[in-house]
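Structure record follows, encoded as structure tokens.
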Amino acid sequence: MTTLHLVATPIGNLEDVTLRALRILREVPLIAAEDTRTARKLLTHYDIHTKLVSYNEHNMRDRTPQLLHALETGDLAFVSEAGTPGLSDPGHELVVAAIAAGHAVSPVPGPAAPIAALVASGLPFRQFAFLGFLPRRSTERKRLFTERVADTATLVCFESPHRLRDSLHDMLSALGDRSVGVCRELTKLHEEVFRGTLSEALTHFQEPRGEFTIVIEGASAAKADVSDDELRSELRRLRELGVSARDAATEVARRTGASKRRVYSLSLELDGPIGQPD
């Protein structure tokens, strides 16, 4: 039985590819790629000369039967434009077709922008929901976030630079001024991870450039009821980890939704003067 290998490739830094991924890309007789230009850069960098064909939303209807035919005689690797195949790209259709035809499907784990952004955001990631690329129309985006307003899971999505500010406005309108991690150009030269509120992100990103992955805090009915003892406990925990008094107060206010002035006042009890909140 032959195998369709779903090979995760770098989202920016070419050093992030795994040894297993490189071995499989060398060994398979054929690689299907969402973007052959991007795939060729990776293959050239690692001196891999495997035959390459395109597979994307424009040709997948015709190309899927061809790739299934190729799987009858040998393994096949599929790579998306960047990251893990099947996340917001045409890989899902190929996976379903391969399974239906009786072939094995094997993931080759590696880089994934949603996971990279999630763990770097500082927001909870025990439960999260990946929303993919946001709708292009404002009304559809607002509807999407309104449906998620009570969801306690952290939300993760992709957005283009020219729609980033409009989407941040829609999030603010539908969800309120939640904490957010806005990750730009992950693993690339100009990588940036902004942490703050949605309103602060709007102020920060005046002229957005690059590729964006956004991590949005989930709903929490307990925020408004967080007690002073809970805030003090979290302040102490961060101080014991070596976080400065001022940074600890800022982070606790961001995480809990408690007012900065209230958290700074409690911090004074523990640490003495640390400067006024912004």
(message) Rounded to the nearest 0.5 Å, what separates atom CZ in F133 from atom OG in S160?
(response) 8.5 Å

(message) Looking at T73 and A70, would you say the former's side chain and the latter's main chain have a donor-acceptor pair under 3.5 Å?
(response) yes

(message) For A113 versus L186, what's the shortest heavy-atom pair and its separation?
(response) O-CD1, 3.9 Å

(message) Regarding S233 and E230, do their side chains bring together a donor and an acceptor under 3.5 Å, going by distance alone?
(response) no

(message) A quick test of your reading: do over 12 heavy atoms of other residues, nucleotides or ligands sit less than 6.0 Å from CZ of R136?
(response) no

(message) Could you check whether atom CD of Q206 has more than 12 heavy atoms from other residues, nucleotides or ligands sitting under 6.0 Å from it?
(response) yes

(request) Output yes when R232 and D229 qualify as a salt bridge under the 4.0 Å nitrogen-oxygen rule, no when they do not. (result) yes

(message) Let me confirm one number: the NE2-CG distance from H49 to L25, rounded to the nearest 0.5 Å.
(response) 13.0 Å

(request) Before giving the answer on salt bridge (charged side-chain N to carboxylate O under 4.0 Å, His left out), spell out for R237 and E240 the whole-Å C-alpha distance, their side-chain angles and the decisive distance to 0.1 Å. (result) CA-CA 5 Å; R237 187 184 71 81; E240 290 171 358; over 6 Å; no

(request) Determine, stepwise, if the pair L134 / M171 fulfils side-chain contact (heavy atoms from CB on, under 4.5 Å). (result) CA-CA 11 Å; L134 293 178; M171 292 174 199; 3.8 Å; yes

(request) Indicate, with yes or no, if F128 and L131 share a hydrophobic cluster defined by side-chain heavy-atom contacts under 4.5 Å among Ile, Leu, Val, Met, Phe, Trp and Tyr. (result) no

(request) Decide if atom CZ of R137 counts as having more than 12 heavy atoms of other residues, nucleotides or ligands within a radius under 6.0 Å. (result) no

(message) I need the T9 OG1 to I31 CD1 distance, nearest 0.5 Å.
(response) 10.5 Å

(message) In this structure, would I48 and L14 fall into the same cluster of hydrophobic residues linked by side-chain contacts under 4.5 Å?
(response) yes

(message) Under a 3.5 Å distance rule, please check whether S167 uses its side chain to pair with a backbone N or O of R163 as donor and acceptor.
(response) yes

(request) For residues P135 and L144, determine if any side-chain heavy atom of one lies less than 4.5 Å from a side-chain heavy atom of the other. (result) yes

(message) Can you confirm whether L19 is buried at CG, in the sense that more than 12 heavy atoms of other residues, nucleotides or ligands lie under 6.0 Å from that atom?
(response) no

(message) Using modelled atom types and a 3.5 Å cut-off, is there a donor and acceptor pairing between side-chain atoms of T250 and backbone atoms of R246?
(response) yes

(request) Examine distances only and state if a side-chain atom of T154 and a backbone atom of P124 form a donor-acceptor pair shorter than 3.5 Å. (result) yes

(message) Is there a side-chain contact between I214 and L164 in this structure, where contact means two heavy atoms from C-beta onward sitting under 4.5 Å apart?
(response) yes

(message) One pair to check against side-chain contact (heavy atoms from CB on, under 4.5 Å): V53 and T36. What are the steps and the verdict?
(response) CA-CA 7 Å; V53 297; T36 55; over 6 Å; no

(message) The test is side-chain contact (heavy atoms from CB on, under 4.5 Å); show your working for D75 and H5 and say whether it passes.
(response) CA-CA 8 Å; D75 288 355; H5 299 278; 3.3 Å; yes

(request) Would you check if the side chain of N59 reaches a backbone N or O of N56 as a donor-acceptor pair within less than 3.5 Å? (result) yes

(request) Verify the cluster assignment for V28 and L30: are they in a single hydrophobic cluster under the rule of side-chain heavy atoms below 4.5 Å apart? (result) no

(request) May I ask you to test the H162-P208 pair for a side-chain heavy-atom distance under 4.5 Å? (result) no

(message) Looking at every non-hydrogen atom in both residues, tell me the closest pair between A120 and V193 and how far apart they are.
(response) O-CG1, 3.8 Å

(message) With rounding to the nearest 0.5 angstrom, report the OG to CD1 distance, S80 to I11.
(response) 10.5 Å

(message) Can you confirm whether I99 sits close enough to H103 that some side-chain heavy atom of one is under 4.5 Å from a side-chain heavy atom of the other?
(response) no

(request) Give a yes or no answer on whether the side chain of S121 reaches the backbone of L118 with a donor-acceptor pair at less than 3.5 Å. (result) yes

(message) A quick test of your reading: do over 12 heavy atoms of other residues, nucleotides or ligands sit less than 6.0 Å from NE2 of H92?
(response) no

(request) Find out if a path of hydrophobic residues (ILVMFWY) with successive side-chain heavy-atom gaps under 4.5 Å connects L6 to L68. (result) yes

(message) Check whether R184 reaches the backbone of R209 with its side chain - one donor and one acceptor, N or O, closer than 3.5 Å.
(response) yes

(message) Test your reading of the model: is there a side-chain donor-acceptor pair from R165 to the backbone of L202, 3.5 Å cut-off?
(response) yes

(message) Looking at R178 and E217, is there a salt bridge between them, counting it only when a charged N and a carboxylate O are closer than 4.0 Å?
(response) no

(request) Before giving the answer on side-chain hydrogen bond (donor to acceptor under 3.5 Å, both in side chains), spell out for D177 and S199 the whole-Å C-alpha distance, their side-chain angles and the decisive distance to 0.1 Å. (result) CA-CA 6 Å; D177 201 10; S199 60; 2.6 Å; yes

(message) Does F205, at its CZ atom, have more than 12 non-hydrogen atoms belonging to other residues, nucleotides or ligands within less than 6.0 Å?
(response) yes

(request) State the CG-CD1 distance between L123 and I216, to the nearest 0.5 angstrom. (result) 9.5 Å

(request) Could you pull out the closest heavy-atom pair between L76 and L94, with the gap in Å? (result) CD2-CD2, 4.5 Å

(request) Check whether any side-chain heavy atom of V182 lies under 4.5 Å from a side-chain heavy atom of E159, and answer yes or no. (result) no

(message) Please determine whether a side-chain nitrogen of the Lys or Arg among R23 and E27 lies less than 4.0 Å from a carboxylate oxygen of the Asp or Glu.
(response) yes

(request) May I ask you to decide if the ring planes of F194 and H204 are parallel, tilted or perpendicular, using 30° and 60° as cut-offs? (result) parallel

(request) Decide yes or no on side-chain contact (heavy atoms from CB on, under 4.5 Å) for Y55 and Q66, but give the supporting numbers first. (result) CA-CA 10 Å; Y55 183 83; Q66 298 172 16; over 6 Å; no

(request) In plain terms, say whether E211 and K188 are close enough for a salt bridge, that is, a side-chain N and a carboxylate O under 4.0 Å apart. (result) yes

(request) Identify the two heavy atoms, one from S106 and one from T3, that lie closest to each other, and give their separation to 0.1 Å. (result) CB-CG2, 3.8 Å

(request) Locate the shortest heavy-atom distance separating A8 from P109; write the atom from each residue and the value. (result) CB-C, 3.9 Å

(message) Given 3.5 Å as the limit, does a donor-acceptor pair link the side chain of E191 with the main chain of T187, or not?
(response) yes

(request) Write down the atom of T18, the atom of A21, and the distance for their closest heavy-atom approach. (result) OG1-N, 3.0 Å

(request) Please say whether more than 12 non-hydrogen atoms of neighbouring residues, nucleotides or ligands are located less than 6.0 Å from CD in Q127. (result) no

(request) Evaluate the side-chain proximity of E251 to V243: yes if any heavy-atom separation is below 4.5 Å, no if none is. (result) no

(message) Can you confirm whether R239 sits close enough to L270 that some side-chain heavy atom of one is under 4.5 Å from a side-chain heavy atom of the other?
(response) no

(request) Please check if the side chain of R261 supplies one atom and the backbone of S265 the other of a donor-acceptor pair under 3.5 Å. (result) no

(message) Taking L198 as the starting point, is it possible to reach F158 by hopping between hydrophobic residues whose side chains are less than 4.5 Å apart?
(response) no

(message) Distance check, rounded to the nearest 0.5 Å: S54 atom OG versus R37 atom CZ?
(response) 10.5 Å

(request) Report yes if the side chains of E185 and F212 come closer than 4.5 Å at any heavy-atom pair, otherwise no. (result) no

